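Step one of this worksheet: look at the structure below.
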Amino acid sequence: MKNSMLFWTRPVIVLLGALFCCFLWGSASPAIKIGYQVFGIGAGDTAGRILFAGVRFIIAGLMVIGYDCIKKKRFTYPQKQAWKKVALLSVFQTSVHYILFYMGLAYTSGVRGSIINSVGTFFSIFLAICVFHSEKLSLQKAIGGILGFSGVVLCVTGGSFDQMLQGGFQFAGEGALLASAFCEAMAGNLIKKISSTEDPVTMSGWQFLTGGITLVLIAKLMHGQLYLQSTSGIPLILYMGFISAGAYTIWSILLKYNPVSTVTILGFMNPIFGVLLSVIFLHEAAEAKSITGLFALALVCAGIVIVNRKPLKS
């Protein structure tokens, strides 16, 4: 235990671990959009998107449960009283969250998706203050939240509300991503509350699995199908499972051994990685290089840093 603490509290390990998690999360948007091509999922194929998400989270759940079992040297599962919490988490963190997220990405770019998805950080602060009462409002959090939301608004409107009203904003695209980020923020606050009495890794693994199974069943009722267009689809879906399983596990270990603000302040790299990877793999350089896109990204990153920064001592 002591050796683990010494390892995971080393500044270089905290930095590299957090950046690795941000890279994984940042790669989600381009990976999903590539997956739509590899599995032949069209923009209007709702059932196919839900099935795609379900398979991913079944894999993620099995990965986390497998890690948990190996680490504890026994088969791990939630206790009887915890299954209601697993079901609640699976709704917000997996089922509804990713139905909205996958739908949104089908109607917008990877760059936009990466920036808009980061609004979850600010929704999380809002919910922690106003709903869960686990944090108090401060000037620092207010300033960070305003900056971050301004960046997302700039991204959504393109700097002009007229453009948004003329089709620059779609409820099936940007609107779904905003709702998805709200669900993710709700899940984050629920995990923080539940982890005081339950093992967060065990809970997360089983909620990924149950949420994934739920998505697959919904997709099958809608006659959803996946058509593998290339053998690259197999390593892609495994990687996508690892995005959730690997990032969550490493992030939770870092939070266990380090002050929360020390880890979460590095979350500003999440949208940066998302934009960079969208440029590389989705060829969206034009959107990423625009003055509006760069300024929106800068505002979001600044907001994340400010809300997570340790308060200055007077």
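Remember, it's a predicted structure, so these values are computed and weren't measured experimentally. The first residue in the sequence is number 1, and the count goes up from there.
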Please say which of T202, V91, T210 ends up in a side chain to side chain contact (heavy atoms under 4.5 Å, CB included) with V86. T210

Rounded distance (nearest 0.5 Å) linking atom OG of S244 with atom CH2 of W25: 9.5 Å

Which atom pair, heavy atoms only, marks the closest approach of W251 to C22? CZ3-SG, 4.4 Å

Does Q140 use its side chain to pair, donor to acceptor, with the backbone of I306 at less than 3.5 Å? yes

Please determine whether residues L154 and I146 belong to a single hydrophobic cluster, defined as Ile, Leu, Val, Met, Phe, Trp and Tyr linked transitively by side-chain heavy-atom distances below 4.5 Å. no

Can you give me the closest heavy-atom contact between L177 and G104, atom names plus distance? CG-CA, 3.9 Å

Crowding at OH, Y107 (>12 non-hydrogen neighbours, <6.0 Å): yes

Working to the nearest 0.5 angstrom, can you tell me the gap between F208 CZ and M63 CE? 11.5 Å

Does R56 reach the main-chain N or O of I237 with its side chain, forming a donor-acceptor pair under 3.5 Å? no

Assess whether a salt bridge exists between D68 and K72, defined as any Lys/Arg side-chain N lying under 4.0 Å from an Asp/Glu carboxylate O. yes

Is the side chain of K33 donor-acceptor paired with the backbone N or O of T108 at a distance under 3.5 Å, no angle test? yes

Looking only at atom types and distance, does a side-chain atom of Y36 sit under 3.5 Å from a main-chain N or O of Y102, one as donor and one as acceptor? yes

To the closest 0.5 Å, what do you measure between OG1 (T46) and CG (L51)? 12.5 Å

What is the ring orientation for H97 with F101, classed by angle as parallel under 30°, tilted 30 to 60°, or perpendicular over 60°? tilted

Specify the closest pair of heavy atoms between V64 and G205, including all atoms of both residues, with the distance to one decimal. CG1-CA, 3.5 Å

Between the main-chain N or O of T121 and the side-chain N or O of S124, is there a donor-acceptor pair closer than 3.5 Å? no

How close do L100 and A179 get, heavy atom to heavy atom, and via which atoms? CD1-CB, 3.7 Å

Taking the side chain from W206 and the backbone from S90, do they hold a donor-acceptor pair closer than 3.5 Å? no

Are F23 and L16 linked, directly or through other ILVMFWY residues, by side chains that come within less than 4.5 angstrom of each other? yes

Minimal non-hydrogen separation, A47 against A219, with atom names: O-CB, 3.5 Å

Hey, quick one: are L62 and L238 part of the same hydrophobic cluster, counting side-chain heavy atoms closer than 4.5 Å, chains of contacts allowed? yes

Check the orientation of F182 and F123. Use parallel for under 30°, tilted for 30 to 60°, and perpendicular for over 60°. perpendicular

Check whether any side-chain heavy atom of S118 lies under 4.5 Å from a side-chain heavy atom of N270, and answer yes or no. no

Nearest heavy-atom neighbours spanning I115 and V152: O-CG2, 4.0 Å

Taken to the nearest 0.5 Å, the spacing of I129 CD1 from L137 CG works out to 4.5 Å

More than 12 foreign heavy atoms under 6.0 Å from OH of Y239: is that the case here? yes

Check whether S109 reaches the backbone of R112 with its side chain - one donor and one acceptor, N or O, closer than 3.5 Å. yes

Aromatic rings F52 and F39: how do their planes relate, parallel, tilted or perpendicular, breaks at 30° and 60°? tilted

Single-linkage hydrophobic cluster L294~L282, side-chain heavy atoms < 4.5 angstrom: no

Closer than 3.5 angstrom, by distance alone: can the side chain of S204 be matched with the main-chain N or O of V201 as a donor-acceptor pair? no

Please say yes or no: joined through hydrophobic side-chain contacts below 4.5 Å, possibly via intermediate residues, are I194 and W83 part of one cluster? yes

Could you tell me whether the side chain of E284 and the main chain of G110 form a donor-acceptor pair under 3.5 Å? yes

Can you tell me how the ring of F122 sits relative to the ring of F149, calling it parallel under 30°, perpendicular over 60° and tilted otherwise? tilted

